[in-house]
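Notes follow once the structure below has been shown.
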Amino acid sequence: MSIELSLSQKISETVNRLYNTNVEASDVQIQNTLPEFKGDLTCVVFPFLRFSKKNPVQTGEEIGTLIVDEMEEFTGFNVIKGFLNLELSVANWGEILNSIASNESYGSIKLDVPKTIMVEYSSPNTNKPLHLGHIRNNFLGYAVAEILKSNGNKVYKTQIINDRGIHICKSMISWQKFGNGATPESEGLKGDHLVGKYYVEFDKHYKAEMADLIEKGLTKDEAMQEAPLFKEAQVMLKKWEDGDKEVTTLWRKMNQWVYDGFKTTYEAMGVDFDQLYYESNTYLLGKKVVDEGLEKGVFYRREDGSVWCDLTADGLDEKLVLRKDGTAVYMTQDIGTAIERDNDFKIDGMIYTVGNEQEYHFKVLFLILKKLGYDFHEGLFHLSYGMVELPSGKMKTREGTVVDADDLIKNMVETATKATEEKGKLEGYTEEEKVEINRMVGMAALKYFLLRVDPKKGMVFNPEESIDFNGNTGPFILFNCVRIKSLIRKNNSFDFEGVVVLEVSEKEKALISKLNDYEKVLEQAGENYNPALIANYSYELAKEYSQFYASHYILNEGNEDLRNFRLNLSNQVGRFLEKALNILGIEVPERM
RNA sequence: GGUUGCGUAGCUCAGCUGGAUAGAGCAUCUGCCUUCUAAGCAGACGGUCCUAGGUUCGAGUCCUAGCGCGAUCACCA
């Protein structure tokens with residue numbers, strides 16, 4: 001049992017005995033003592049005053065006296081205002097560290113009944129390359145999946161490939177019209193970038209056509225519908241849904257270009273998927289379910305043939321689930337995908353990592369699934385994250401301010417390479433090793449930068465000032481891991497089991513207490529689907545360690561017991577730093 | 001307009017679900033590499049926690065109202 005737990009139980013007993021009342025152990029507030037006060041654990045005594053009918057200091061002293069008398073772990077106490085600060089014995093600090101060190105499963109929570117959870121992330125449109133927003137999405141989704149795994153769940157990472165729809169047709173039309181048979185090979189372009197180029201091209205011509213029509217007196221909405229290019233795209237979508245051979249062949253070819261491009265980017269980002277779903281498959285199931293929903297009366301058909309769900313009674317709007325021409329919309333396929341996933345995996349929960357601009361969509365989706373009678377709707381959760389903005393505001397394709405994923409990753413690794421060379425850190429390493437280390441450092445900087453911010457908040461990225469490598473950054477945390485690895489390498493045999501702890505400094509206490517917090521933080525991150533908690537924890541642990549490292553001898557400590565204690569402590573800090581970083585998808589090199 | 005999220009140092013962000021004198025990093029300035037990796041450490045500077053009420057022993061944190069910024073309310077995905 002943890003020391004906090006036994007203390008809060010003891011305090012509840014003591015309070016009940018002293019003041020003849022009935023305080024639950026879970027109501028006792030225990031926290032780490034602030035560094036500026038003497039003591040290790042603090043109990044807030046204010047809540048007990050109404051029972052003790054005495055002032056805070058008297059109450060604290062009465063409780064403190066009994067605790068120190070009756071619990072051997074505590075050697076002293078002081079009361080300041082309403083705070084009872086208790087001092088743990090040196091031996092006890094040693095025991096906390098040793099119990100963590102000797103418990104190999106500490107940090108991986110086991111559940112009696114593991115849940116099956118799918119985490120969906122990435123799911124980009126297959127008509128343009130990935131950008132900074134997708135990077136945040138991918139890192140978040142990957143990290144949340146890892147967090148849930150470490151919390152004892154069975155997790156499947158998944159993705160819905162948006163491989164059909166009007167947006168794909170736009171790229172295809174554009175390539176047919178303006179492409180002159182260009183291929184990724186002929187242009188020397190990654191496939192996703194090539195297809196993206198024609199998507200932009202479409203938009204350019206489409207806008208021009210609209211402008212013409214508006215000049216001829218059409219309203220903007222009419223022009224959008226009447227532009228010849230748009231009509232061609234609509235016709236193509238219908239042909240696609242009807243299985244037209246020429247269209248599907250082109251569709252396969254261009255999609256493959258995009259997949260090949262994405263594959264490279266995913267590998268660079270270090271993310272993966274257990275199971276892919278293709279919208280081109282699931283939309284059919286979606287359509288079938290819409291038919292069933294019509295029979296059940298969940299949906300209704302309008303005169304023009306379009307199908308709707310009336311959610312006005314739930315405070316939402318009416319929502320289209322099938323177009324009048326019978327083609328599927330976004331909602332149709334998401335209904336189908338959700339049901340198919342439950343059929344495949346019998347899910348207890350599903351996390352959708354999708355930007356906050358789609359909150360309404362998911363609210364509606366979950367409600368529709370509920371109305372259709374699918375029990376799994378209860379486990380659905382939209383992990384909604386804020387947009388990444390530039391100092392000038394949103395990224396805009398038209399203004400060319402989109403931060404491309406491949407470019408950014410390349411930049412990060414280049415910056416790392418430059419920094420490493422300037423410091424002359426990797427002399428004597430082979431080219432391959434250097435490349436590998438620089439990749440890890442660059443990616444650590446990028447991942448940490450994006451993950452340390454609360455997902456639900458928007459964040460700002462300034463491309464002018466490249467992401468930092470000093471201070472509260474990924475490389476700083478890596479640096480501390482690497483220092484620890486270096487210490488361990490130089491002293492590969494030590495026996496922490498037999499270490500006698502002679503003295504414990506404030507910094508050492510802080511480190512042990514942080515290690516002791518690891519599982520709590522992991523659980524919290526799981527409950528809130530929030531990797532930022534893990535990121536900030538790793539920084540705090542690394543920072544504490546860095547201060548410790550600068551103020552204590554480790555290998556150079558003359559006293560053997562003390563040296564082994566500090567080495568053991570370092571080793572455990574390294575262990576949990578690496579664990580935390582791995583959860584975030586950050587790899588730790590041996591040197592840097 | 002309805003719904004929803006956010007508002008903390010010049011900038012980027014924390015703040016453990018209500019506890020002690022609100023913390024980091026960047027930027028600026030000052031020290032520290034002849035002991036374990038200086039991508040570091042120590043220090044200085046920097047705050048009306050958007051505003052006004054309320055709840056309580058105690059509010060950056062909870063409630064109400066207002067202000068500001070974003071998202072959303074499509075036969076786009």
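Worth saying up front: this structure is predicted, and the values here are computed from it rather than measured. Chain naming here is simple, since letters A, B, ... match the order of the sequence lines and numbering starts at 1 in each.
- In this structure, Leu478(A) reaches neither bases nor backbone, as no heavy-atom distance under 4.0 Å exists between it and the strands shown.
- Atom pair Arg50(A):CZ and rC57(B):P shows a separation of 10 Å (rounding to whole Å applied).
- In this structure, the salt bridge (charged side-chain N to carboxylate O under 4.0 Å, His left out) partners of Lys38(A), at least two apart in sequence or on a different chain, are Glu87(A).
- Rounded to whole Å, the separation between the P atoms of rU51(B) and rA59(B) comes to 15 Å.
- rG58(B) makes up no base pair with any nucleotide shown, lacking Watson-Crick or G-U wobble contacts both under 3.5 Å.
- Here the separation of rC62(B) from rG43(B), taken at their P atoms, is 33 Å to the nearest Å.
- Annotation: Lys434(A), atom NZ; neighbour count of heavy atoms from other residues, nucleotides and ligands within 6.0 Å is above 12.
- Taking the salt bridge (charged side-chain N to carboxylate O under 4.0 Å, His left out) definition, one finds that Arg302(A) meets it with Glu318(A), sequence neighbours left out.
- The glycosidic torsion of rU17(B) lies within 90° of 0, placing the base in the syn range.
- The distance between atom CD of Glu544(A) and atom P of rG23(B), rounded to the nearest whole Å, is 14 Å.
- Comparing Val44(A) and Lys520(A), the nucleotide of RNA chain B nearest to each residue sits closer to the 5' end for Lys520(A).
- Spacing between rC6(B) and rC29(B) at atom P, rounded to whole Å, works out to 37 Å.
- Ring to ring, Tyr278(A) and Trp251(A) are not that close: their centroids are 6.0 angstrom or more apart.
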Q: Assign a letter to each nucleotide of nucleotides 3-12 of chain B from its 5' end: B, base within under 4.0 Å of a protein heavy atom; S, sugar-phosphate only; -, no contact.
A: SSSSS----B
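- Separation of the C1' atoms belonging to rC33(B) and rU28(B) is 23 Å when rounded to the nearest angstrom.
- Distance CZ (Phe202(A)) to C1' (rC76(B)): 12 Å, rounded to an integer number of Å.
- Base orientation of rC33(B): syn, the glycosidic angle falling within 90° of 0.
- When the C1' atom is used for both rA22(B) and rU64(B), the distance is 25 Å, rounded to whole Å.
- The residue Gln29(A) sits close to a base: some heavy atom pair falls under 4.0 Å.
- The side-chain hydrogen bond (donor to acceptor under 3.5 Å, both in side chains) analysis of residues 470-481 of chain A, with sequence neighbours excluded, yields the pairs Tyr448(A)-Asn472(A), Asn480(A)-Arg483(A).
- Thr42(A) comes within 4.0 angstrom of a base, heavy atoms only.
- Atom C1' of rG47(B) sits at a distance of 6 Å from the matching atom of rA9(B), rounded to the whole Å.
- Across every strand in view, rU17(B) sits unpaired, with no contact that passes the Watson-Crick or G-U test at under 3.5 angstrom.
- Residue Lys507(A) contributes atom NZ, which lies 12 Å from atom C1' of rA42(B) at whole-angstrom precision.
- For Asp40(A), the salt bridge (charged side-chain N to carboxylate O under 4.0 Å, His left out) partners at least two apart in sequence or on another chain are Lys509(A).
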Set out, line by line, the N/O atom pairs under 3.5 Å between protein and nucleotides 73-75 of chain B.
{"from": "rC73(B)", "atom 1": "O2'", "to": "Asp317(A)", "atom 2": "OD2", "distance (Å)": "2.3"}
{"from": "rC75(B)", "atom 1": "O2", "to": "Lys324(A)", "atom 2": "N", "distance (Å)": "3.3"}
{"from": "rC75(B)", "atom 1": "N4", "to": "Asp304(A)", "atom 2": "OD2", "distance (Å)": "2.1"}
{"from": "rC75(B)", "atom 1": "N4", "to": "Ser306(A)", "atom 2": "OG", "distance (Å)": "3.4"}

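- Checking rG70(B) for Watson-Crick or G-U wobble geometry (two distances, each under 3.5 Å) identifies rU4(B) as its partner.
- Neither side chain, Asn162(A) nor His167(A), offers a donor N or O lying under 3.5 Å from an acceptor on the other.
- By the stacking rule of 5.5 Å between ring centres and under 30° between planes, Tyr539(A) does not stack on the base of rA24(B).
- With centres under 5.5 Å and a plane angle under 30°, the ring of Phe46(A) is stacked against the base of rG19(B).
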Q) What string of B, S and - do you get for nucleotides 35-41 of chain B, 5' to 3', if B is base contact, S is sugar-phosphate-only contact and - is no contact with any protein heavy atom under 4.0 Å? A) BBBSBSS
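- Distance check on atom P: rU61(B) versus rU21(B) gives 16 Å, rounded to whole Å.
- Residue contacts shown for Pro47(A) include a base, since a base heavy atom lies under 4.0 Å away.
- Judged by the 6.0 Å distance and 45° axis criteria, Arg136(A) is not positioned over the aromatic ring of Tyr385(A).
- Here rG19(B) presents its C1' atom at 14 Å from CG of Leu84(A), a figure rounded to the nearest Å.
- Taking atom OH of residue Tyr385(A) and atom C1' of nucleotide rG70(B), one finds them 15 Å apart after rounding to whole Å.
- The partner of rA65(B), taking Watson-Crick or G-U wobble pairs whose two distances both stay under 3.5 Å, is rU51(B).
- Under the rule for a side-chain contact (heavy atoms from CB on, under 4.5 Å), the partners of Glu578(A) that lie at least two apart in sequence or sit in another chain are Lys485(A), Asn582(A), Val588(A).
- For the residue pair Gln572(A) / Tyr518(A), no side-chain donor-acceptor distance below 3.5 Å is found, with atom types taken as modelled.
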Kindly give the atom pairs (protein nitrogen or oxygen, nucleotide nitrogen or oxygen) under 3.5 Å for nucleotides 62-64 of chain B.
none

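- Checked against side chain to side chain donor-acceptor pair (under 3.5 Å), Ser505(A) has the following partners two or more places apart in sequence or in another chain: Glu508(A), His552(A).
- Taking a 6.0 Å sphere around OH of Tyr553(A), one finds it holds 12 or fewer heavy atoms contributed by other residues, nucleotides or ligands.
- Here rA77(B) presents its C1' atom at 14 Å from CH2 of Trp240(A), a figure rounded to the nearest Å.
- Comparing the same atom, C1', in rC69(B) and in rU8(B) gives a spacing of 16 Å after rounding to whole Å.
- rG43(B): Watson-Crick or G-U partner is rC29(B), with both key distances under 3.5 Å.
- As judged by a 4.0 angstrom heavy-atom cut-off over every strand, Asn85(A) is placed among the base-contacting residues.
- The side-chain contact (heavy atoms from CB on, under 4.5 Å) check on Gln547(A) picks up Lys507(A), Lys543(A), Glu544(A), with sequence neighbours excluded.
- Heavy-atom distances to RNA chain B give each of His167(A) and Asn528(A) a nearest nucleotide, and the one nearer the 5′ end belongs to Asn528(A).
- The pair Lys418(A)-Glu421(A) fails the salt-bridge criterion, with no side-chain N (NZ, NE, NH1 or NH2) lying under 4.0 Å from an Asp/Glu carboxylate O.
- In this structure, a donor-acceptor pair under 3.5 Å is absent between the side chains of Tyr199(A) and Ser174(A).
- Take Asp454(A) and apply the salt bridge (charged side-chain N to carboxylate O under 4.0 Å, His left out) test, not counting sequence neighbours, and it matches Lys456(A).
- The distance from atom CZ of Arg164(A) to atom P of rA77(B) is 7 Å, rounded to the nearest whole Å.
- Salt-bridge annotation for Glu241(A) and Lys287(A): present, with a side-chain N of the basic residue lying under 4.0 Å from a carboxylate O of the acidic one.
- When heavy atoms are screened at a 4.0 angstrom cut-off, Ile166(A) is found touching the sugar-phosphate backbone but no base atom.
- The partner of rA38(B), taking Watson-Crick or G-U wobble pairs whose two distances both stay under 3.5 Å, does not exist in any strand shown.
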